[in-house]
Amino acid sequence: MPELPEVETTCRGVAPWLEGRSVELLDVREPRLRWPIPQNLPRQVHGLRIGTLQRRAKYLLMPLMDLQHPERSQGLIWHLGMSGSLRLVSPQEPWKKHDHLQLTPSPLPSDTRPPLCLRYHDPRRFGFLLFYTGDPLLHPRLEKLGPEPLSDDFTAQRLYQRSRQRKLPVKAFIMDSAQVVGVGNIYATEALFRAGIDPRRAAGRISLARYTELVKLIKLILAAAIEQGGTTLRDFVGGDGKPGYFAQQLDAYGRAGQPCRKCSTVLQETRIGQRSSVFCPQCQR
DNA sequence: ATGCGGACCTGTTAGC
DNA sequence: TGCTAACAGGTCCGCA
């Protein structure tokens, strides 16, 4: 499941191979993603030069410059959905089941071999690829997003203020991308466990002091996960592309019925906003 | 505006 | 053993 750390790792992993090259070919073998890929997209991006890749929330932004019209801002927005992955592969690599797209960059004069291709694989097809013009951060899909969790804009004060009078469970609140981006089910579960906050508690009934602790932990956990992902950058070339963050130790997620690591109470499972939620009924209040 | 639930999709696992 | 049903999850959308 691509969470923010995996998208960040993907971005860092593929950027050095792609930036500065042009799009020779966008090969669409399966256009039926979360939103269908327009038929003319390959023509639209052909020949454009790939700029600096950037991650925003779980979106990967790929600016594409038209050298005839350098003032125009345009490019691609990738989203990996639930089961998507982007990987650099050799042009000879056979297409596997659920490989849907491939972006082939043009060779540079200094290249002695064909450049690696960017291939998109996504069994569940929840991911998507969009073409944008103008400022990508103002794209309808991105403009209403909350702050990046690792930025200084993500503060306890912000969460506290925006949660007053809100009755939804705090877990659903921190998973709301208008509050903060990149906190998926795994990280919400873990952060609330470590903060000792009951995930079912109304967001509006949590003190500033407790939000301060929660924000600290979200930043800590995400930063650690990105660092782990960073150790597997080599997997993006020829490897299996599996992210490293699964290796991290999870205290609550996926441990329902097992003893709490702090107090040995059996961890409980419930559902919050259609999501499975594991918590310790003793430690989390 | 807020909060909830359904839809999308398919590989894996649980249950009969 | 073989079948069906539930489950996983990010994001969007419709409804009350």
Side-chain angles (χ1 to χ4, degrees), chain A residues 1-11 29-37 55-61 77-86 95-101 120-130 132 136-137 139-146 148-149 159 161-192 199-206 218 222 225 240-243 245-246 248 250 252-258 267-279:
Chain A
M1 295 136 263
E3 299 249 5
L4 182 144
E6 185 178 354
V7 180
E8 178 68 28
T9 302
T10 297
C11 184
R29 304 265 174 119
E30 173 53 88
R32 294 174 304 165
L33 303 187
R34 180 72 159 88
W35 289 290
I37 295 180
R55 178 192 60 75
R56 170 73 173 116
K58 293 172 185 169
Y59 300 85
L60 188 63
L61 310 182
I77 300 175
W78 303 79
H79 195 290
L80 306 181
M82 265 281 306
S83 55
S85 62
L86 280 169
W95 287 65
K96 292 202 204 80
K97 196 179 181 184
H98 304 307
D99 284 348
H100 304 313
L101 310 168
Y120 181 69
H121 176 89
D122 188 359
R124 293 177 204 174
R125 291 193 271 123
F126 274 23
F128 52 87
L129 178 61
L130 302 169
Y132 71 82
L137 301 178
H139 188 280
R141 296 255 113 74
L142 306 184
E143 65 168 342
K144 297 206 175 89
L145 292 175
E148 285 290 321
L159 278 192
Q161 283 171 258
R162 295 175 64 100
S163 63
R164 293 310 88 183
Q165 321 288 35
R166 297 290 302 270
K167 293 184 168 63
L168 82 170
V170 60
K171 177 158 178 275
F173 182 68
I174 60 171
M175 288 176 69
D176 175 1
S177 63
Q179 311 309 329
V180 58
V181 302
V183 181
N185 199 32
I186 296 174
Y187 294 109
T189 298
E190 291 299 302
L192 288 164
R200 301 166 297 182
R201 180 178 282 272
R205 305 200 51 185
I206 288 176
I218 289 172
L222 284 175
D240 62 7
K242 291 239 171 72
Y245 73 82
F246 283 117
Q248 82 180 275
L250 298 171
Y253 182 85
R255 295 195 67 242
Q258 294 176 247
L267 297 183
Q268 278 186 21
E269 181 157 21
T270 183
R271 293 191 78 79
I272 297 172
Q274 312 289 93
R275 290 281 115 79
S276 94
S277 299
V278 181
F279 66 102

Mind checking A/Arg32 for me? I need base, sugar-phosphate or nothing, with any heavy atom below 4.0 Å counting as a touch.
nothing
Shortest non-hydrogen separation from A/Val278 to A/Leu267 and the atoms involved
CG1-CB, 3.9 Å
What protein N or O atoms touch nucleotides 11-16 of chain B N or O atoms at under 3.5 angstrom, if any, and at what distances?
unit_1: B/dG11; atom_1: OP1; unit_2: A/His98; atom_2: NE2; d: 2.5

Aromatic rings A/His98 and A/His121: how do their planes relate, parallel, tilted or perpendicular, breaks at 30° and 60°?
perpendicular
Does B/dC4 have OP1 or OP2 sitting under 4.0 Å from an N or O in the side chain of A/Gln274?
no
Once each nucleotide of nucleotides 11-16 of chain C is scored for protein heavy atoms under 4.0 Å, what B/S/- sequence comes out, 5' to 3'?
BSS---
Between A/His100 (NE2) and B/dT10 (C1'), how many Å, whole number?
10 Å
Do any N or O atoms of the protein come closer than 3.5 Å to N or O atoms of nucleotides 1-3 of chain B, and which pairs are they?
unit_1: B/dG3; atom_1: OP1; unit_2: A/Lys167; atom_2: N; d: 2.5
unit_1: B/dG3; atom_1: OP1; unit_2: A/Leu168; atom_2: N; d: 3.3
unit_1: B/dG3; atom_1: OP2; unit_2: A/Arg166; atom_2: NE; d: 2.3
unit_1: B/dG3; atom_1: OP2; unit_2: A/Arg166; atom_2: NH2; d: 2.6

Under 3.5 Å: donor-acceptor pair, side chain of A/Thr10, backbone of A/Leu86:
no
Step by step, would you call A/Glu3 with A/Lys58 a side chain to side chain contact (heavy atoms under 4.5 Å, CB included)?
CA-CA 7 Å; A/Glu3 299 249 5; A/Lys58 293 172 185 169; 3.8 Å; yes
Show your working on side chain to side chain contact (heavy atoms under 4.5 Å, CB included) between A/Gln179 and A/Arg166 and close with a plain yes or no.
CA-CA 12 Å; A/Gln179 311 309 329; A/Arg166 297 290 302 270; 4.0 Å; yes
Roughly, in whole Å, what's the span from NZ in A/Lys171 to P in B/dC4?
13 Å
Report the distance from atom CE of A/Met175 to atom P of B/dC4, rounded to the nearest whole Å.
13 Å
Apply the test side chain to side chain contact (heavy atoms under 4.5 Å, CB included) to residues A/Tyr132 and A/Arg141: give CA-CA distance (whole Å), side-chain angles for both, the deciding distance (0.1 Å), then the verdict.
CA-CA 10 Å; A/Tyr132 71 82; A/Arg141 296 255 113 74; over 6 Å; no
Once the angle between the rings of A/His79 and A/Tyr59 is folded into 0 to 90°, is it parallel (under 30°), tilted (30 to 60°) or perpendicular (over 60°)?
perpendicular
Side chain proximity check, A/Phe279 to A/Thr189, heavy atoms < 4.5 angstrom
no
Working note: A/Arg271 + A/Ser277, criterion side chain to side chain contact (heavy atoms under 4.5 Å, CB included); need CA distance, chi angles, decisive distance, verdict.
CA-CA 6 Å; A/Arg271 293 191 78 79; A/Ser277 299; over 6 Å; no
Would you call A/Trp78 and A/Leu101 a side-chain contact if the rule is heavy atoms closer than 4.5 Å?
yes
Distance in angstrom units between A/Arg55 CZ and C/dG10 P, rounded
15 Å
How about A/Ile206 and A/Arg201: do any of their side-chain heavy atoms sit closer than 4.5 Å?
yes
Whole-Å distance between B/dT10 C1' and A/His121 NE2?
11 Å
Under 4.0 Å between a side-chain N/O of A/Arg125 and OP1 or OP2 of B/dA7, yes or no?
no
